[in-house]
Amino acid sequence: MDLIIVAEQQDGLLTLTLNRPAKRNALNTEMYLALTAALRRATQNDTVHVLLIQGQCDCFTAGNDLADFMGKFSLDADDPILQFLHTLADFPKPVIAAVGGPAVGIGTTLLLHCDLVYLADNARLQLPFVELGLVPEFASSLLLPRTVGHLKAAELLLLAEAIDAEEAQRLGLANRVVAADTLLTFAREQGLKLAAKPPKALQKSKALLKQELKQAVHFVIDLEARAFSLALQGEEAQQRIAQRLKPRG
């Protein structure tokens, strides 16, 4: 049986690869549990200095697995999704994301919690929450306006239109855009370069960069989760999600 999250460690760099390509790496409960467990182990493991999260060069993630949402009526503190969000937001070591192809929903909001983001030239970022009758998550209602400005954040969240890699970099959502066939190699090289730095200095520097918004981020994650739960129970979301799940014939 193939692993849905593949973990590999080399010279202080831990790489977590989303590995559900048949479902475009859509995140389900099992994947959230595996990711959270890997993050918690990495937090306690002194040989891990840097984390790299990636998919394949042509697909990062299609976002949450909508089939998982059918029948889910709340996102309480013990929900695997919320556990993952808070664990990644608190992760003390530098996090790099390597994004190729679609990065939908959490595939984009996750990037706001990373320290370095590299996009393939085929990357497409999209925040389709409103389109699905839902609301923003992962503190994106706080972090996105601070990154791209209120007007652009409203455009990305309310119109829910995808943007390409060049636009994402221009907006400050990525450090660099590289050719798709070089993405994973480039991100690994950058990760190894970072992992060779003094680890305590890396962690303290990251903590200082995140300090101002740390409490606010966790507060907003929970605030959004409550609004998300209410929206998920609503007619708009139930109809839109059911429509998306209909077989195409």
Between [atom1] of [X] and [atom2] of [Y], what distance do you get to the nearest 0.5 Å?
{"X": "Leu51", "Y": "Leu13", "atom1": "CG", "atom2": "CG", "answer": "8.0 Å"}
{"X": "His86", "Y": "Leu39", "atom1": "NE2", "atom2": "CG", "answer": "14.0 Å"}
{"X": "Leu171", "Y": "Glu166", "atom1": "CG", "atom2": "CD", "answer": "11.0 Å"}
{"X": "Gln83", "Y": "Leu88", "atom1": "CD", "atom2": "CG", "answer": "13.0 Å"}
{"X": "Leu202", "Y": "Leu194", "atom1": "CG", "atom2": "CG", "answer": "5.0 Å"}
{"X": "Leu184", "Y": "Glu189", "atom1": "CG", "atom2": "CD", "answer": "11.0 Å"}

For [X] and [Y], which heavy atoms make the closest approach, and how far apart are they?
{"X": "His49", "Y": "Lys93", "result": "O-CB, 3.5 Å"}
{"X": "Leu157", "Y": "Phe129", "result": "CD2-CD1, 4.2 Å"}
{"X": "Asn25", "Y": "Gly55", "result": "ND2-CA, 3.9 Å"}
{"X": "Pro21", "Y": "Gln56", "result": "CB-OE1, 4.1 Å"}
{"X": "Ala231", "Y": "Gly133", "result": "CB-O, 3.6 Å"}
{"X": "Ala160", "Y": "Pro128", "result": "CB-CA, 3.8 Å"}

Query raised in the report: Do other residues, nucleotides or ligands put more than 12 heavy atoms under 6.0 Å from Glu236 CD?
Result: no

Requested in this report: Might you confirm whether atom CZ of Arg40 has over 12 heavy atoms from other residues, nucleotides or ligands at distances under 6.0 Å?
Outcome: yes

Report task. Under the side-chain contact (heavy atoms from CB on, under 4.5 Å) rule, what do Lys152 and Thr147 come out as? Steps first, then yes or no, please. Result -> CA-CA 9 Å; Lys152 192 64 186 180; Thr147 303; over 6 Å; no

Query raised in the report: Which is it for Lys246 and Gln243 under the side chain to side chain donor-acceptor pair (under 3.5 Å) test, yes or no, and what are the steps along the way?
Result: CA-CA 5 Å; Lys246 278 183 182 176; Gln243 195 172 29; over 6 Å; no

Requested in this report: Carefully, step by step, assess Leu142 and Phe219 under the rule side-chain contact (heavy atoms from CB on, under 4.5 Å).
Outcome: CA-CA 10 Å; Leu142 170 72; Phe219 175 80; over 6 Å; no

Is there a side-chain contact between [X] and [Y] (heavy atoms, below 4.5 Å)?
{"X": "Tyr32", "Y": "Asp79", "answer": "no"}
{"X": "Asp181", "Y": "Cys57", "answer": "no"}
{"X": "Ile221", "Y": "Leu82", "answer": "yes"}
{"X": "Arg146", "Y": "Leu213", "answer": "yes"}
{"X": "Leu27", "Y": "Leu18", "answer": "yes"}
{"X": "Val220", "Y": "Leu143", "answer": "no"}
{"X": "Ile5", "Y": "Met31", "answer": "yes"}
{"X": "Arg124", "Y": "Asp164", "answer": "yes"}

In terms of hydrophobic clustering (I, L, V, M, F, W, Y; side-chain heavy atoms under 4.5 Å; direct or indirect links), are [X] and [Y] co-clustered?
{"X": "Leu127", "Y": "Phe60", "value": "yes"}
{"X": "Leu134", "Y": "Leu245", "value": "yes"}
{"X": "Val130", "Y": "Leu66", "value": "no"}
{"X": "Leu52", "Y": "Val178", "value": "yes"}
{"X": "Val48", "Y": "Phe84", "value": "yes"}

Query raised in the report: Going through the distances and angles, do Val6 and Thr15 end up as a side-chain contact (heavy atoms from CB on, under 4.5 Å)?
Result: CA-CA 8 Å; Val6 178; Thr15 302; over 6 Å; no

Are the side chain of [X] and the backbone of [Y] linked by a donor-acceptor contact shorter than 3.5 Å?
{"X": "Ser229", "Y": "Leu75", "result": "yes"}
{"X": "Glu224", "Y": "Ser141", "result": "yes"}
{"X": "Glu8", "Y": "Leu16", "result": "no"}
{"X": "Gln9", "Y": "Thr47", "result": "yes"}
{"X": "Asp68", "Y": "Thr29", "result": "yes"}

Query raised in the report: Please, which pairs that meet ring pair (Phe, Tyr, Trp, His ring centres under 6.0 Å) have at least one residue in residues 149-198, sequence neighbours excluded?
Result: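 Qualifying pairs: Tyr118-Phe186.
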
Please list every donor-acceptor pair under 3.5 Å in which a side-chain atom of residues 97-117 meets a protein atom from a residue at least two apart or in another chain.
| residue | atom | partner | partner atom | Å |
| --- | --- | --- | --- | --- |
| Thr108 | OG1 | Ala103 | O | 2.6 |
| Thr108 | OG1 | Gln126 | N | 3.4 |
| Thr109 | OG1 | Glu137 | OE1 | 2.7 |
| His113 | NE2 | Phe138 | O | 2.8 |
| Asp115 | OD2 | Val95 | N | 2.8 |
| Asp115 | OD2 | Lys206 | NZ | 3.0 |

Report task. May I ask you to check whether Gln211 and Lys214 show a side-chain donor-acceptor distance below 3.5 Å? Result ->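 On atom types as modelled, these side chains do not qualify, holding no pair under 3.5 Å.
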
Query raised in the report: Which pairs with one or both residues in residues 10-25 pass salt bridge (Lys or Arg N to Asp or Glu O under 4.0 Å), sequence neighbours excluded?
Result: Arg20-Asp65

Requested in this report: Please lay out, stage by stage, how Glu155 and Val148 fare under the test side-chain contact (heavy atoms from CB on, under 4.5 Å).
Outcome: CA-CA 10 Å; Glu155 181 178 77; Val148 305; over 6 Å; no

